[in-house]
Every structure is written in structure tokens, then in C-alpha cells.
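Here the structure is laid out as C-alpha cells; the discussion comes afterwards.
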Amino acid sequence: MIAADSDQSMRAEARRVTILGSTGSVGQNTVDLLLRNPQAFEVEALTANRNPALLAEQARALQARFAAIADPAYYPALKEALAGSKTETACGPQALVEAALRPSDWVMAGIVGAAGLAPTLAAIRRGVIVALANKEVLVCAGVLVMQEVIRSGATLLPVDSEHNAIWQCFDHARVETVERIILTASGGPFREKAFEDMRPVTPEEAVAHPNWRMGAKISIDSATMMNKGLELIEAHHLFRLPLERIEIIVHPQSIVHSAVVYRDGSVLAQLGSPDMRTPIAYALAWPDRIETPTKRLDLAAVGRLTFEPPDERRFPALRVAREALLHGGGCPTVLNAANETAVHAFLERRIGFLDIVETVERTLERVPGGKLESLDDVYNFDTSAREVAARLSGARMPAQTDLR
Ligand SMILES: NC(=O)c1ccc[n+]([C@@H]2O[C@H](COP(=O)([O-])OP(=O)(O)OC[C@H]3O[C@@H](n4cnc5c(N)ncnc54)[C@H](OP(=O)(O)O)[C@@H]3O)[C@@H](O)[C@H]2O)c1
């Protein structure tokens, strides 16, 4: 365990936290910050899907009260690994909701995909602080989720580095002074590749992001630039801005994390080395700030910051995501579910890289995204889209996600 931080500015009482998806990339970065600040935080619950060994290790290191594993096949291993500890255990999708419902002041929504919807909503409904990394939750059910945030009085803090940057620069008390926001995009590993040259790329090449170490799904999304499309939808819900006031610009160095343009022409941006521990720390300690070990930005060493418009001919995912949002209703839900299914098929080498966005677009043509008025609508659009996308990507079974 790393030594306690002596930061006296932290609140006297420890903040009680829960991490949904603690074994993932965002989850592990959050755990790292907790271990560096043991006096400031205590841990209520941790969750994973299929990694009982790491979940148990984290639960022991953080003395978590509860550890839940989504896939019941891994429950015996979790119980064995936590035998003799004080951590209670449970399994199955409902156990993740139970983790979110347990008494904590702060919840990290760090699960990947729409599988995080039910536990994230459960945390939001408690009216606590929810740090949102799990962008698919807002893509598949943005209007309904934001309604719950308002109804419950929860505080939704964006963790995605771009939205976290905008959050830090955004004048929340004078929103009418904001003209637009600028989301930066690294462009991913294939930023300079010709369209046809992307056809034969392998999963290994596609997950190798030039600036960030992340989970497989978001890494593939970054390579197709669907990630920026999902973030466009996320930003629309978080900051309540229409599409025409959200600009996307490619910035390969990932130093300027995003910016807010004000009506007087001022542009406020947040900068930093590309390390997720900075936005996670901002959310973790908010409204305070804690120390992080992230490499400090040396602008002279960086030397040049470059910007270029995104190329939607080579990266059609941006257009597809924008159109889905413009069509509204269940279209973003269909987009998200089809994308999850297609990325899964690509990672299993059942389809090629360019087939991912092609599958999403074909699914959107086949599944009409009508009105989205309830969570049942979300589940129905999600299930239909997964079935169609799985058929299109040649799978016998759709990639299953139990959203409930
Ligand atoms: N990684 C980043 O730097 C980053 C940056 C910005 C935003 N985000 C967003 O944050 C979210 C998490 O990304 P990540 O990169 O941390 O993903 P990741 O490394 O793949 O981790 C995902 C986490 O969710 C769990 N999980 C996966 N499928 C699940 C299911 N069906 N039910 C319950 N739990 C499940 C995983 O458990 P197991 O470990 O047991 O599989 C793991 O704890 C994504 O929405 C991503 O877009 C990530």
C-alpha cells in the first residue's frame, strides 16, 4: 500500500466511495488514487465482470465492505479469494445494482457499455455524486438518465477527459455566455491511414492507442472514431447544447483536453499530460483537488500543438453518430448497441475493421428508432439492435447484455 498523502485541505470526514467496474482501466486508476489517499476515502463496494482475482485483491487492499461479480460462473473463485476477509460478496447483474444502492457518497460509473445502465441509474436515484466514465449510459438513455439526475438531485461529474475538461472550464452559473464547446480527438492509431488501408488492420493494431492506455472497447472506438461520436452525444446531454454548438477537432498530442468558447471570443481550455488519473482525481475530490502522480505538463518539451478538422470520409462514424442523435428517439440506443456488438465481433476476428461502422449503419437502417419514453423502450431497442447487428456480423448469437 502506498503511503498516505498529507494533504490537509481534504475534508475531515472520509468520503465513502463505490467503484462500479473497479477491475477495468478507469477502475484501476481510481483504485490507484484511493490507495494514495487512504485517510480521505473509505470504500463501500467494488464490482467486476469476470476478474475475481483482481477484484478480491482490490477489496482486501481497500478493505471494501462489499464485492460483486456480474458473471456467476466466477463467484466461487471470488468467495474463495475473499475467504476470511470482512468483505461481503454477491454475484449476478442484480448484485451490481445492490453495490450501487449501498450507502456511499460517491460512485464511479466505470463499467463499459450499456451493461452499466442499471447500476448507474440506481446510484443516480440515490441522489449522490456519480462520476461518469461509462459514456454508453448517456448514449443509450441520455434523456431518461438526465431526467433522473434532476429528479433525484444527484451530481453527475464527467470523467471522460474531454467532458471533464469542459466541466472545469464551463461557467455553470452563466450558461448563456457559452457560445460553443470544442471536443478534441486524438484521431486514434489510424489518423493518417487511407480508408482502404484500414481494411486489413488487426485487433492488436487497433487497440494500440498512441496516447492513452485504455480498455479494448474504447480503444477500438477511438480507432474508428466512434468514440468521438459517442462523446458528441454524451456532451449534448451533459451540457444541454445542440449539435451545432459542439465542434470536434483532431489534436493528435492529446494535451488540450477540450475547450469552451464564450460569446466575447474568449476560449478557456484545460490542458495536461494524457493520464486519466487527472480527470478521475478531479471528480473524486470535487469540489476539492487532491495530489496525483501524473507527469506534469512541460509545454516547452511538447513543443508543438497541432489541430486539424476530422475527416468524415475516412472516419464515417462521426457522421453516423451525429445523424443518430439528429433522428433522436431510440436511434442513439440502436447506434450504441450495434456498435458494442460489432466491436465485439471485430475483437473476435469475425468481421474486419471497416465492417464495424458499416454494421452500425446497416443496423440503424433496419431497426427504426421510434420514441424513447421509458427504460423498457431502451431495453427493446437495445435487444433488437444487438440481434440485427449480430446477424449482420455473422454471429450465431448476439453479444448478450442484460441491461436490467
Ligand atoms: N479507459 C479509459 O481511459 C477511459 C477514458 C474515458 C472514458 N472511458 C469509459 O469508461 C468506461 C470503462 O472503460 P475502461 O477502459 O475502463 O473499460 P475496461 O478496462 O474494459 O473495464 C470495464 C469494467 O467493466 C466491467 N464489465 C465489463 N463488462 C461488464 C458487464 N457485462 N457487466 C458488469 N461489468 C462489466 C469489467 O469487469 P472485468 O474486468 O471483470 O471484465 C471492468 O471492471 C467505458 O465506458 C469507456 O468508454 C474510459
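We count ligands from 1, going down the list as the structure has it; atoms in each ligand are counted the same way. Note that these values count all heavy atoms, side chains included, but never hydrogens, waters or copies made by symmetry.
No option in V17, L20, V26 other than V26 meets the side-chain contact (heavy atoms from CB on, under 4.5 Å) test with M108. Applying the salt bridge (charged side-chain N to carboxylate O under 4.0 Å, His left out) test between E88 and each of R65, K79, R102 identifies R102 as the sole match.
Both the backbone and the side chain of A133 come within 4.0 Å of ligand 1, judged by heavy-atom distances. At a heavy-atom cutoff of 4.0 Å, ligand 1 is contacted by the side chain of L96 but not by its backbone. Here V26 has heavy atoms under 4.0 Å from ligand 1 in both its backbone and its side chain. When heavy-atom distances to ligand 1 are checked against a 4.0 Å cut-off, S25 comes that close through both its backbone and its side chain. Neither the backbone nor the side chain of K217 has a heavy atom within less than 4.0 Å of ligand 1.
Counting atoms of ligand 1 from 1 in the listed order, those under 4.0 Å from a heavy atom of A115 are 30 (C), 31 (N), 32 (N). Residue contact check: N134 has heavy atoms under 4.0 Å from atoms 45 (O) of ligand 1.
Judged by distance alone, with hydrogens and angles left aside, the side-chain atoms of R362 form no donor-acceptor pair with the main-chain N or O of V357 at under 3.5 Å. Side-chain atoms of E247 do not come within 3.5 Å of backbone N or O of L183 as any donor-acceptor pair.
Under a 4.0 Å heavy-atom criterion, M276 is in contact with ligand 1.
Counting heavy atoms from C-beta outward, H163 and E234 have side chains that approach closer than 4.5 Å. Between V250 and P309 the shortest side-chain heavy-atom distance does not fall below 4.5 Å. W167 has its side chain within reach of F239: a pair of non-hydrogen atoms, C-beta onward, lies under 4.5 Å apart.
Backbone and side-chain nitrogen or oxygen atoms of T47 are examined, and none is located within less than 3.5 angstrom of a nitrogen or oxygen of ligand 1. When only interatomic distances are considered, the shortest N/O to N/O separation between T23 and ligand 1 falls below 3.5 Å. Looking at ligand 1, you won't find any N or O of N227 less than 3.5 Å from one of its N or O atoms.
Closest heavy-atom approach to atom 12 (C) of ligand 1 among the candidates G113, G24, G110: G110. The closest heavy-atom contact to atom 45 (O) of ligand 1, among the options Q28, E136, E231, M214, comes from E136.
More than 12 non-hydrogen atoms from other residues, nucleotides or ligands lie less than 6.0 angstrom from CZ of R296.
A side-chain donor from one of S254 and N211 sits under 3.5 Å from a side-chain acceptor of the other.
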